[in-house]
Amino acid sequence: MQRRRLGPTGTLVGVWALGTMTFGAETDEDDAHRMLDRFVDAGGDLLDCADVYAGGRSEEIVGRWLADRGARDRVVLATKGRFPMGDGPNDAGASRVHLTRALEASLRRLGTDHVDLYQVHCWDPLTPIEETLATLDDMVRAGKVRHVGVSNYTGWQLQRAVLEARHRGLAPIATFQPQWNLLARELEWELVPLCVDEGIGILPWGPLGGGWLTGKYRRDERPTGATRLGEDPERGVEAYDRRNTERTWAVLDVVTAIADDHAVSPGQVALRWLAEQPAVASVILGARTLDQLDDNLGAESLGLSVDELARLDEVSRPVLPDYPYATIADMTAARRTAIEDRVL
């Protein structure tokens with residue numbers, strides 16, 4: 001498996017990470033262990049966990065697998081904290097009290113004395129960012145965390161965290177974990193350029209758009225059966241009524257056509273496109289079954305041409321809001337044209 005640097009760090013990770021959100025919820029322990037075995041055998045190493053996955057059961061499943069296989073030194077172990085893990089007033093958030101408790105609980109469930117990457121799962125408007133960053137820095141200095149990152153931040157929030165950490169001499173933000181796929185590209189307006197500029201590694205979640213980009217859903221046919229949207233058509237950001245648009249079906253037409261040309265699945269095309277995007281360190285696979293994981297891992301050997309990548313870029317390009325994005329883009333294009341005319 002291809003290796004990439006984890007953002008600005010010297011830690012190397014496989015281009016495909018294994019997400020564990022399904023463990024203990026949609027995937028039972030035996031199947032989860034088989035998926036972990038297959039992933040590591042394929043050369044994978046980055047495991048993406050979180051304390052809230054299945055209410056902590058996911059981390060426990062991973063912890064038992066690590067102990068049973070003696071695999072702690074074979075993986076780059078990442079987890080996250082921020083969301084509620086109880087009903088108390090300090091059982092959520094990015095405060096020193098909650099994050100300290102959350103990390104200690106995650107370490108117990110995972111059966112380890114440290115994680116390689118600890119991420120704040122979402123911005124906390126109630127906690128000063130200085131407190132959050134100082135807490136993360138203390139975790140690194142204590143040897144319980146190797147690198148730190150954040151997830152689900154807006155552009156200004158991520159830039160604020162980066163600059164505060166730098167100004168105060170605290171552990172730098174190494175990674176950013178956002179939703180990113182061919183149907184969700186709005187982060188390219190600000191967050192991706194920011195990560196490129198700051199050298200932050202992106203760990204995209206939801207690379208298949210909750211199953212949309214696998215080609216399993218059909219136009220004007222509400223999903224049914226044992227799929228995520230079949231079980232819950234209103235499922236979060238990938239809800240059927242939200243994604244059932246002409247743009248979605250146009251994207252799927254191109255994805256499917258390219259997949260047919262290569263005799264691969266549509267999902268592999270979508271994954272390969274994402275792996276080729278700027279600043280991507282590792283793409284988080286969210287498979288529920290061993291068969292799905294095997295199909296996902298097939299993207300490793302897929303090569304897309306410059307023309308195919310351009311076709312995918314064009315059909316999936318989101319419409320820029322008029323202001324400030326479209327206005328600034330127009331002014332930038334005009335400035336670039338004027339400079340090129342003078343140079344030529």
Side-chain angles (χ1 to χ4, degrees), residues 17-37 39-40 44-72 74-124 126-127 132 135-136 138-139 142-152 175 177 179 203 205-206 210 228 231-232 235-236 284-289 293:
L18 182 59
T20 64
M21 186 177 71
T22 65
F23 294 0
E26 301 165 284
T27 307
D28 65 29
E29 182 157 349
D30 288 342
D31 285 343
H33 284 191
R34 280 189 280 270
M35 290 172 65
L36 287 161
D37 289 337
F39 178 68
V40 172
D45 50 17
L46 179 56
L47 304 182
D48 180 70
C49 307
D51 56 358
V52 292
Y53 293 166
R57 294 189 301 278
S58 175
E59 288 183 325
E60 292 172 351
I61 288 171
V62 172
R64 286 190 286 269
W65 177 84
L66 290 170
D68 184 66
R69 306 299 194 271
R72 180 61 188 90
R74 297 179 62 191
V75 302
V76 177
L77 189 58
T79 195
K80 301 181 284 292
R82 152 67 170 88
F83 292 125
M85 285 296 287
D87 297 326
N90 291 307
D91 288 339
S95 68
R96 178 177 292 276
V97 169
H98 177 66
L99 287 184
T100 300
R101 291 175 180 172
L103 175 63
E104 294 296 338
S106 287
L107 293 177
R108 286 194 299 271
R109 287 188 290 265
L110 291 165
T112 185
D113 63 355
H114 75 281
V115 292
D116 301 293
L117 176 65
Y118 193 63
Q119 301 157 100
V120 179
H121 213 156
C122 187
W123 178 264
D124 178 6
L126 299 182
T127 301
T132 300
T135 302
L136 296 174
D138 287 345
M139 293 172 175
K144 297 180 180 181
V145 169
R146 300 292 185 256
H147 306 296
V148 301
V150 297
S151 177
N152 303 313
T175 61
Q177 188 174 139
Q179 182 197 35
L203 305 173
W205 62 263
R228 284 176 176 165
E231 295 161 356
D232 180 11
R235 186 185 177 100
I284 300 172
L285 306 177
R288 297 200 292 178
T289 67
L293 177 60

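The residues of the chain are indexed from 1 along the displayed sequence.
Closest approach of D51 to S106, counting heavy atoms only: CB-OG, 3.7 Å. For the pair C49 and L77, the tightest heavy-atom approach, listed with the atom from each and the gap, is SG-CD1, 4.2 Å. Residue W205 comes nearest to N152 through the heavy atom pair NE1-OD1, 3.2 Å, listed as atom of the first residue, atom of the second, then distance. Listed here is the closest heavy atom pair of D37 and R69: OD2-NH2, 2.8 Å. Of all non-hydrogen atoms in L36 and L47, the two that sit nearest each other are CD2-CD2, 3.8 Å. Here the closest heavy-atom approach between residue G81 and residue Y118 is recorded as CA-OH, 3.5 Å.
Sparse packing is recorded around CG of D87, with 12 or fewer heavy atoms of other residues, nucleotides or ligands lying under 6.0 Å away.
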Might you work through the side-chain contact (heavy atoms from CB on, under 4.5 Å) test for L110 and V115, ending with a clear yes or no? CA-CA 9 Å; L110 291 165; V115 292; 4.0 Å; yes
I would like to know whether L99 and V120 meet side-chain contact (heavy atoms from CB on, under 4.5 Å); could you show each step before the answer? CA-CA 8 Å; L99 287 184; V120 179; 4.3 Å; yes
Could you check I284 against Q177 for side-chain contact (heavy atoms from CB on, under 4.5 Å), going step by step and ending with a plain yes or no? CA-CA 9 Å; I284 300 172; Q177 188 174 139; 3.4 Å; yes
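V145 is not listed as a side-chain neighbour of L136, based on a closest heavy-atom distance of 4.5 Å or more. For the pair V62 and Y53, the minimum side-chain heavy-atom distance is 4.5 Å or more. Counting only heavy atoms from C-beta outward, the side chains of D124 and T132 never approach each other to under 4.5 Å. Side-chain contact between L203 and L46 is present, with heavy atoms from C-beta onward closer than 4.5 Å. At least one side-chain heavy atom of M85 sits under 4.5 Å from a side-chain heavy atom of V52. Between T27 and M35, some side-chain heavy-atom pair lies under the 4.5 Å cut-off.
Sorted by first and then second residue, the salt bridge (Lys or Arg N to Asp or Glu O under 4.0 Å) pairs with a member in residues 94-104 read D91-R101, R96-D138, E104-K144; sequence neighbours excluded.
Residue D113 holds its CG atom at 14.0 Å from CZ of R108, rounded to the nearest 0.5 Å. Rounded to the nearest 0.5 Å, atoms OG1 (T175) and CG (L117) are 4.0 Å apart. Distance CG/L293 to CZ/R288: 14.0 Å, rounded to 0.5 Å. With rounding to the nearest 0.5 angstrom, the CD atom of E29 is 10.0 Å from the CZ atom of F23.
For R82 (side chain) and W123 (main-chain N/O), a donor-acceptor pair under 3.5 Å exists by modelled atom type. Here the side chain of H98 pairs a donor or acceptor atom with the backbone of A92 at under 3.5 angstrom. A donor-acceptor contact shorter than 3.5 Å is absent between the side chain of D116 and the backbone of A78.
Residues R34 and D31 are paired through a salt bridge, judged by an N-O separation under 4.0 Å between the basic side chain and the carboxylate. Note on R57 versus D28: no salt bridge recorded, every NZ/NE/NH1/NH2 to OD/OE distance being 4.0 Å or above.
Note on ring orientation: taking the six-membered ring where Trp is involved, the planes of F83 and H121 are tilted (angle from 30° to 60°).
Side-chain atoms of S151 and Q119 include no donor-acceptor pair closer than 3.5 Å. In this structure, a donor-acceptor pair under 3.5 Å is present between the side chains of T20 and S58.
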